There are 2 protein chains.
Amino acid sequence: MSKKEALLKAAENKVRLGGYSNFSFRELASEVGIKSASVHYHFPTKADLGAELAHQYTNSFLAALGEPNELKASGKNPINVYTQLFRSALVTDRKMCLCGLLGAESDSLPDKVRLEVKRFFNENLAWLAAAHLVNGDLNPTQSAIQTVSLLEGAMMISKTLDDNSYFELATQLT
Amino acid sequence: MSKKEALLKAAENKVRLGGYSNFSFRELASEVGIKSASVHYHFPTKADLGAELAHQYTNSFLAALGEPNELKASGKNPINVYTQLFRSALVTDRKMCLCGLLGAESDSLPDKVRLEVKRFFNENLAWLAAAHLVNGDLNPTQSAIQTVSLLEGAMMISKTLDDNSYFELATQLT
DNA sequence: TATAAATTACCTATCGGTAGGTAGGTAGTG
DNA sequence: CACTACCTACCTACCGATAGGTAATTTATA
């Protein structure tokens with residue numbers, strides 16, 4: 001893993017625990033074993049780092065999902081696949097969704113970071129609308145926003161109350 | 001309004017836009033017309049201020065809700081009342097729920113602040129469970145977590161995408 | 001030998017917090 | 001009433017730490 005990748009990984013961990021202001025160049029640098037000034041070689045400003053972080057997070061997230069119609073074709077319910085990705089972020093990583101946290105503090109973010117966070121949700125809503133459509137949902141747009149809202153909210157409350165059973169209860173069908 | 005009240009009000013605005021680290025004693029002080037050192041007279045530490053802020057926010061929120069059975073008795077659907085309180089926080093204040101934002105960054109909060117945020121959600125879940133119960137819901141505990149998750153999530157996404165129609169769509173029944 | 005990557009050595013600004021002081025008011029006591 | 005003691009609500013001045021960022025230089029690599 002290159003230093004640049006290591007910096008992004010370290011930043012992701014920090015941001016997912018405490019938001020955009022929860023990481024500093026000094027901390028990241030010492031974690032990956034370089035000096036803080038050297039971080040500026042890879043990312044001119046903090047906003048550049050934050051924007052690239054959100055961008056790559058979005059890409060990885062979408063890549064991990066696959067395509068709704070292909071999932072359906074292989075016998076899977078795409079909405080369950082989506083839910084499972086959120087669940088593993090919460091249970092395995094024990095952290096918030098990066099863009100969920102950044103989205104909440106949207107108003108105080110640098111423009112280029114906020115733009116990437118918006119892209120995350122626009123792409124997610126499009127994916128979910130397609131997924132609900134292949135499920136035969138009569139109102140896929142509305143279901144999409146309800147699905148992502150429920151998951152982001154349930155994640156946040158489970159983290160706050162430090163108990164993943166809230167997430168399980170929120171995502172249970174009956 | 002006393003200086004102390006003014007400080008809390010100023011802090012609430014900042015935190016609801018960008019989280020716990022989005023306010024400083026110096027900013028609050030200059031907004032209310034005192035010196036930053038004087039803020040320590042009212043709140044010994046930043047954590048004390050944050051905790052009192054979350055405590056009062058929770059109390060005001062619960063007070064604004066009233067009692068589920070009394071609402072029902074006066075012909076109102078308590079869940080609609082609850083949803084409306086979230087809606088006005090988003091539409092009128094144009095800001096996130098204080099404890100929604102703080103909850104997302106729970107892991108990086110001082111203990112006494114995190115504790116108050118947990119209280120917010122525990123009290124809200126209790127209120128919602130009672131509300132769903134008087135509505136004849138067969139699974140009031142599950143409905144409670146689903147309701148608050150959906151609302152917090154919808155709020156966050158509407159703020160991120162800067163479009164309140166997402167909140168409306170998410171909270172629409174059909 | 002060119003380029004990429006990281007270094008040293010700074011800068012300015014701001015952070016939360018502390019020390020010590022003061023003007024003005026209140027409460028208790030002889 | 002006069003005096004003492006204390007309190008409230010601020011102030012100025014400063015602390016060490018940390019923030020993001022910059023310029024010039026060195027080291028490593030292809």
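Owing to the predicted nature of the structure, the values given are computational and were not obtained by experimental measurement. Chain A is the first sequence line, chain B the second, and so forth, proteins listed ahead of strands; every chain is numbered from 1.
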Test A:T160 against B:F120 for side-chain contact (heavy atoms from CB on, under 4.5 Å), laying out the working first.
-> CA-CA 10 Å; A:T160 305; B:F120 176 86; over 6 Å; no

Students should find that the nucleotides of DNA chain C closing off the region near chain B, any atom under 4.0 angstrom from a heavy atom, are C:dC15 to C:dT18

Salt bridge (charged side-chain N to carboxylate O under 4.0 Å, His left out) with B:D93: of B:K9, B:R16, B:R87, B:K159, only one passes, and it is B:R16

Nearest heavy-atom approach of A:L150 to A:A170 is CD2-O, 3.5 Å

Base, sugar-phosphate or nothing for A:F43? Non-hydrogen atoms, less than 4.0 Å. nothing

Ring geometry between B:F23 and B:Y20 (parallel below 30°, tilted from 30 to 60°, perpendicular above 60°) = perpendicular

Of all heavy-atom pairs linking A:S36 and A:H40, the shortest is O-CD2, 3.7 Å

TODO: Identify whether A:L53 and A:L115 are in the same connected component of the hydrophobic contact network (ILVMFWY, side-chain heavy atoms under 4.5 Å).
DONE: no

When every non-hydrogen atom of B:A104 is compared with those of A:L101, the smallest separation belongs to O-CD1, 3.5 Å

Polar-atom pairs under 3.5 Å, protein N or O versus N or O of nucleotides 10-13 of chain D: list them with distances, or write none.
residue : atom : partner : partner atom : Å
D:dC10  : OP2  : B:H42   : NE2          : 3.0
D:dC11  : OP2  : B:K35   : N            : 2.6
D:dC11  : OP2  : B:S38   : OG           : 2.6

Distance-only check: which donor-acceptor pairs under 3.5 Å involve side-chain atoms of residues 58-65 of chain B, not counting sequence neighbours?
residue : atom : partner : partner atom : Å
B:T58   : OG1  : B:A54   : O            : 2.9
B:N59   : OD1  : B:R119  : NH2          : 2.8
B:S60   : OG   : B:Q56   : O            : 2.9

Double-helix bend of the helix from C:dT1-D:dA30 to C:dG30-D:dC1, axes at both ends from 5 pairs, round to 10°, gives 20°

Numerically ordered, the residues 101-112 of chain A set in heavy-atom contact under 4.0 Å with DNA chain C is none

In one Ile/Leu/Val/Met/Phe/Trp/Tyr side-chain cluster, 4.5 Å: A:L17, A:I157: no

Applied to residues 40-66 of chain A, the salt bridge (charged side-chain N to carboxylate O under 4.0 Å, His left out) test, sequence neighbours excluded, yields A:K4-A:E52, A:D48-A:K112

